[in-house]
Protein chains: 2
Amino acid sequence: MAEGSYHHGNLRAALLERAETVLAESGVAGLSLRGLARDLGVSHAAPARHFRDRQAVLDALVVSGFTDLNRRMRAAAEGPGPVQRRMADVGRAYVGFAIERAALLGLMFTAKHEEGSGEELRQLAHTSLEIAARLLAEAQRGGAVRPGDPTRLAQVAFSTVHGLAALAVGGLLDDTPVDDATDLALEVLLAGLRAPR
Amino acid sequence: MAEGSYHHGNLRAALLERAETVLAESGVAGLSLRGLARDLGVSHAAPARHFRDRQAVLDALVVSGFTDLNRRMRAAAEGPGPVQRRMADVGRAYVGFAIERAALLGLMFTAKHEEGSGEELRQLAHTSLEIAARLLAEAQRGGAVRPGDPTRLAQVAFSTVHGLAALAVGGLLDDTPVDDATDLALEVLLAGLRAPR
DNA sequence: ACCTGAACACCGTTCAAGT
DNA sequence: ACCTGAACACCGTTCAAGT
């Protein structure tokens, strides 16, 4: 069952894999259910067995994106080394994800993470912030970060890193290497977080 | 010529105005040329006289967005008051724009600002960064900001503010008032920019 | 359980034709 | 110069029918 094996239970996974490739190559506007079905050699109605509609495919991609992002951030946050180093590592993990899966990150932040829009997705998005908040709380105990609500400080830290990723992906860093921009942003952020109010 | 006056030279402007409304209400996926034409009471082919294709409408919206954003940032940067205050005002101007025209901001950062994609748009996006860089250079002369390439420091400042806007628009600030989050982010940013390397 | 083929309403885009 | 109407190829979604 080598070539026609999509018809044996893994069509859903195949659709998602192909969808992210198309997303990266042609943008969200270029992603069509019929196109995916054509690429995978199934009928145009087959995807409906696995996804209610086109939006459900995009939602599933966003879920896989946040899952991967959280995994990377958690690994960096829980690694060895002093807390300042791990804070910077989390930032670099975020930017790395953003560069590797740029189109997906755009999708992840196009979706509204309000109350209504899918509890799973809302929870996943908040987990990213919680990872940062926990690490900041640890840093506060060590005196490396000013006192204050770690959740709010995490919002600031997240903003810096996400904004940097957006600039990099949008091509607004010009000839500044993204690693250099990341290092500077993290250095400024950590200095600002260290300074008492 | 009150009601049917779209047929007298302002169809282009009417299309853009309606397009931004639809964008805000239904997202970019809900924006169709045929729908706009229907809303304005012209034939479905009429928009083609003013915009080459659907993407041209989106591009025009993005241009108007950056023009407005730059106007607001410039006004804040050139206002009265000490330079620290004006730096924070520029940040608040950015976040204010992001909240008011959230869907448009998403569009503005979906477009790639690489070499190829329209020189006008690339120039407009860079102007935002230049406004910040000039202000930071002034602050450096007054000693309020550390030495270093103002262009690179502007990338960091822009990241913080853009990221915050993305969080706010995405609904990830939870119950934190956006003004509070903005104040904290700007305070951390300015403290970090003040600290010497 | 999973997929197919037909059907319907929608869309972008083009183009000859009208005023 | 500006708009219309028809045409074409595409799309999302649904549904009876097949295996």
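First the proteins, then the strands, lettered A, B, ... as listed; each starts at 1.
Nucleic acid contact for B/Ser43: base, since at least one base atom lies under 4.0 Å from a heavy atom of the residue. Residue B/His50 is in sugar-phosphate contact alone, with no base atom involved, counting any heavy-atom pair closer than 4.0 Å across all strands shown. Contact annotation for A/Arg34: base contact, defined as any heavy-atom pair under 4.0 Å involving a base atom.
One can place CZ of B/Arg54 at 14 Å from C1' of D/dC10, the figure rounded to the nearest angstrom. Following rounding to the nearest Å, A/Arg12 (CZ) and C/dC3 (P) show an atom-to-atom distance of 13 Å. Look at CG on A/Leu33: it is 17 Å from C1' on C/dG5, rounded to the nearest Å. To the nearest angstrom, P of C/dC11 lies 18 Å from CZ of B/Phe51. Atom CG of B/Leu40 is separated from atom P of D/dT4 by 11 Å (rounded to the nearest Å). One interatomic measurement links the two molecules: CG of A/Leu31 to C1' of D/dG12, which rounds to 12 Å at whole-angstrom precision. If you measure from atom CG of B/Asn10 to atom P of D/dA1, you get 18 Å, rounded to the nearest angstrom.
A/Arg38 has a side-chain polar atom (N or O) that falls below the 4.0 Å cut-off from OP1 or OP2 of D/dC11.
Both distances falling under 3.5 Å, in either a Watson-Crick or a G-U wobble arrangement, place D/dT19 opposite C/dA1. C/dA9 is unpaired under the criterion used here, namely a Watson-Crick or G-U wobble arrangement in which both key atom distances are under 3.5 Å.
The nucleotide whose nearest atom lies closest to any side-chain atom of B/Ser32 is, among C/dG12, C/dC15, C/dT13, C/dG12.
Between B/Glu119 and B/Arg122 there is a salt bridge, since a side-chain N of the basic residue sits under 4.0 Å from a carboxylate O of the acidic one. Under the 4.0 Å criterion applied to side-chain N and carboxylate O atoms, B/Arg74 and B/Glu130 are not assigned as salt-bridge partners.
The nearest heavy atom of DNA chain C to B/Arg49 and to B/Gln55 marks one nucleotide each, and the one closer to the 5' end goes with B/Gln55. Residue order along DNA chain D, read from the 5' end via each residue's closest nucleotide, puts B/Ala46 first among A/His44 and B/Ala46.
The residue from A/Arg85, A/Arg92, A/Arg86 that alone fulfils the side chain to side chain donor-acceptor pair (under 3.5 Å) condition with A/Asp89 is A/Arg92.
When all heavy atoms of A/Leu121 and A/Val62 are compared, the pair lying nearest together is CD1-CG1, 3.8 Å.
Scanning atom types as modelled, no donor and acceptor separated by under 3.5 angstrom connect the side chain of B/Arg52 and the base of C/dT13.
By the 30° and 60° cut-offs, the orientation of the rings of B/Phe66 relative to B/Phe109 is tilted.
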